[in-house]
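Contents: one structure, followed by commentary.
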Amino acid sequence: MLDIRRIRTEPDVVKAALARRGIDVSDIDRVAELDERQRRLGVERDEIRAQVKALSKQVGQLHRDGRATEAAEVQAESRALGEREGELAAEAAAASAEVRELLLRIPNTPHPDAPDGAGDADNPVLRVTGFDPDGYGDHQRIPHWELGPRYGILDNERAVKISGAMFTMQRKGGATLARALLQYALDRNADAFEEVRPPSLVSSETLTATGQLPKFADDAYWVERDDLWCIPTAEVPLTSIHRDEIVETDELPQRFMAATSCYRREAGSAGRDTRGMLRTHEFDKVEVFAYATPEQAPDLLAEMVARTEATIGSLGLAYRTLEICTGDMGQSHHRSFDVEVYAPGTDQWLEVSSISWFADYQARRGNIRYRPGGGGTAMVHTLNGSALAVPRVWAAIVETYHRPDGGIDVPSALLPYFRGSDRIA
RNA sequence: GGAGGGUUGCCAGAGCGGACGAAUGGGACGGUCUCGAAAACCGUUGUGGUCGCAAGGCCACCGUGGGUUCAAAUCCCACACCCUCCGCCA
């Protein structure tokens with residue numbers, strides 16, 4: 001959520017920033033109008049309320065003095081004022097509710113250094129690491145959705161029987177690989193991040209803080225009976241750890257990591273990437289997260305990108321890093337980078353991590369504050385990113401590590417997790 | 001799921017229609033005293049909104065949302081959460 005005071009004091013700056021996303025910015029004017037109305041009504045309401053309070057005190061005093069008749073007169077006067085106050089209060093409340101509804105749907109302003117662009121085709125590639133297009137043999141040019149069934153490590157046919165389209169099931173070394181990747185990503189970040197095992201079902205408030213609600217409700221699984229939502233990423237519960245709290249400044253930055261399953265309805269992408277592990281309703285991911293001061297945020301962002309790159313690189317996979325342009329940014333993002341792994345069998349760059357700085361956008365939604373040096377309170381900044389998203393890395397490993405003579409090797413970094421075996425299949 | 005008890009400020013805890021943003025104690029912070037410290041004593045100690053150049057004023061907040069009343073922490077209703085017992089359960 002944007003700061004209403006910014007919209008109030010510099011609406012044109014806010015509009016110019018949002019326009020870089022290529023969206024309609026007329027809501028900003030609408031918010032400004034409603035905010036003005038809400039304040040005007042609120043001031044009037046408070047003035048009448050103050051009068052009612054003063055009169056009520058008089059009534060109490062008159063009763064104690066035994067002057068019942070006069071008390072009744074003041075009561076009548078106060079009652080009339082009270083009715084007017086009630087009307088004003090209702091109008092003011094309606095206006096502020098509308099302001100909030102609009103604010104919840106207005107996206108974050110991009111960072112000045114974020115590149116301009118209309119869509120994902122405009123995301124600049126910052127660097128490509130470990131990639132040699134001619135360095136792959138024919139045995140590596142087989143997609144994982146062929147290799148998986150061939151070696152009995154991917155059984156999507158039965159996953160579909162069990163749960164429906166776009167669910168996957170790994171077996172044997174494939175299941176071990178999926179779990180090993182989680183463990184590995186956690187271990188690599190344990191030096192700086194506290195491990196958390198958060199709930200996977202969360203309340204609407206929690207899902208609103210990170211930005212999925214109200215606008216993107218269709219993308220999430222909802223358990224209607226209990227009004228709970230399946231988390232689409234561990235970002236959601238991690239961000240709400242300190243919701244409605246004031247975080248101790250000397251504890252910032254505060255970093256968390258969590259391995260969780262993630263649930264996504266993928267509404268609107270039915271029929272796309274249906275094969276293999278590229279797009280699934282349920283997948284596992286290790287997420288890293290931080291609360292920070294505005295000053296700490298840029299370095300943390302860079303560190304998180306570097307950590308993810310190093311993790312993917314350490315698995316012997318080729319990857320490239322992109323910065324997300326203004327037209328492709330998520331609603332809550334202020335600045336964002338993607339890491340994509342190269343999968344030789346499918347000959348595609350697969351997004352395996354998105355690392356983002358949210359500025360105070362999520363913190364304002366979740367009311368997460370700290371006490372800056374100058375006194376008072378301010379919203380913290382939040383950052384998060386995938387340390388490692390399993391399915392696409394799984395696919396890249398299976399394709400990259402397929403041997404000319406058959407079988408799939410375990411990347412050396414994962415050997416400690418394979419119970420003495422050096423083969424996935 | 002059933003029965004009962006509870007939810008007040010940083011913490012503990014009083015208040016159960018009017019002078020309560022809230023007693024009292026503890027903690028924290030500042031000061032006096034001291035060579036220094038402890039003790040003692042004094043003081044300070046919430047968040048947000050809004051108006052104002054400022055000083056400051058006004059308003060809101062006693063789990064959440066409604067209601068009753070001239071007036072609600074206090075009365076009524078609903079919901080959430082916590083505790084105890086019973087049931088169920090990995």
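As a whole-Å value, the separation of A/Arg371 CZ from B/C29 C1' is 13 Å. Atom CD in A/Glu205 sits roughly 11 Å away from atom P in B/C81 (whole-Å rounding). In this structure, A/Glu83 atom CD and B/U68 atom C1' are separated by 14 Å, rounded to whole Å. Atom C1' of nucleotide B/G1 and atom CZ of A/Arg225 are separated by 12 Å, given to the nearest angstrom. We find that CG of A/Leu55 is positioned 10 Å from P of B/A71, with the value rounded to whole Å. Straight-line distance from the NE2 atom of A/His63 to the P atom of B/G18: 13 Å, rounded to whole Å. Between A/Glu248 atom CD and B/C10 atom P there is a gap of 12 Å when expressed in whole angstrom units. For the pair A/Asn367 CG and B/U47 P, the computed distance is 13 Å after rounding to whole Å.
Of the options A/Glu85, A/Arg40, A/Arg84, a side chain to side chain contact (heavy atoms under 4.5 Å, CB included) to A/Arg45 is made by A/Glu85 and by none of the others.
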| Could you write out RNA chain B as a dot-bracket string, with dots for unpaired bases, | for bases paired across to another strand, and Watson-Crick or G-U pairs counted at under 3.5 Å? | ((((((((.[[[..)..(.....]]]((((((.......))))))((((((....)))))).[[[[[..)....]]]]])))))))....
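A distance of about 25 Å separates the P atoms of B/G21 and B/G26, rounded to the whole Å. Between B/U47 and B/A22, the two P atoms lie 15 Å apart (nearest whole Å). Comparing B/A60 with B/A55, their P atoms sit 23 Å apart, to the nearest whole Å. Using P as the reference atom, B/U68 and B/U74 are 15 Å apart when rounded to the nearest Å. Annotation: B/U24 and B/U8 have their C1' atoms spaced 14 Å apart (nearest Å). Atom P of B/A12 sits at a distance of 14 Å from the matching atom of B/G63, rounded to the whole Å. For B/A14 and B/G25, the C1' atoms lie 11 Å apart once the distance is rounded to whole Å. Separating the P atom of B/G9 from that of B/G46 is a span of 14 Å, rounded to the nearest Å.
Between A/Ile153 and A/Arg171, every side-chain heavy-atom pair lies at or beyond the 4.5 Å cut-off.
For the pair A/Ala92 and A/Gln38, the tightest heavy-atom approach, listed with the atom from each and the gap, is O-CG, 3.9 Å. Nearest heavy-atom pair across A/Ser354 and A/Ser386 is N-OG, 3.3 Å. Between A/Thr206 and A/Arg243, the shortest heavy-atom contact is OG1-NH2, 2.8 Å.
Across all strands, A/Arg40 comes closer than 4.0 Å to no nucleic acid atom at all (heavy-atom distances). In this structure, A/Ser56 reaches the bases: a heavy-atom distance under 4.0 Å links it to at least one base atom across the strands shown.
Between the side chain of A/Thr233 and the backbone N or O of A/Glu235, at least one donor-acceptor pair lies under 3.5 Å.
With RNA chain B read from its 5' end, the first of the two nearest nucleotides for A/Arg79 and A/Lys57 is the one closest to A/Lys57.
Residue A/Val52 places its side chain closer to B/A71 than to any other of B/U47, B/A19, B/A71.
At a cut-off of 3.5 Å, with distance as the only test, a side-chain donor of A/Ser204 or A/Trp229 sits close to an acceptor on the other residue. Checked by atom type, the side-chain pair A/Glu351/A/Ser353 shows no donor-acceptor distance below 3.5 Å.
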| said: Apply ring pair (Phe, Tyr, Trp, His ring centres under 6.0 Å) to residues A/His334 and A/Phe358 and explain how you reach the verdict. | reply: CA-CA 5 Å; A/His334 181 53; A/Phe358 299 84; 9.6 Å; no
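In summary, the aromatic rings of A/His242 and A/Tyr291 are positioned with their centroids under 6.0 Å apart.
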| request: Using a 4.0 Å heavy-atom cut-off, write out nucleotides 48-65 of chain B from 5' to 3' as B (base contacted by protein), S (sugar-phosphate only) or - (no contact). | output: SBSS------SSS-----
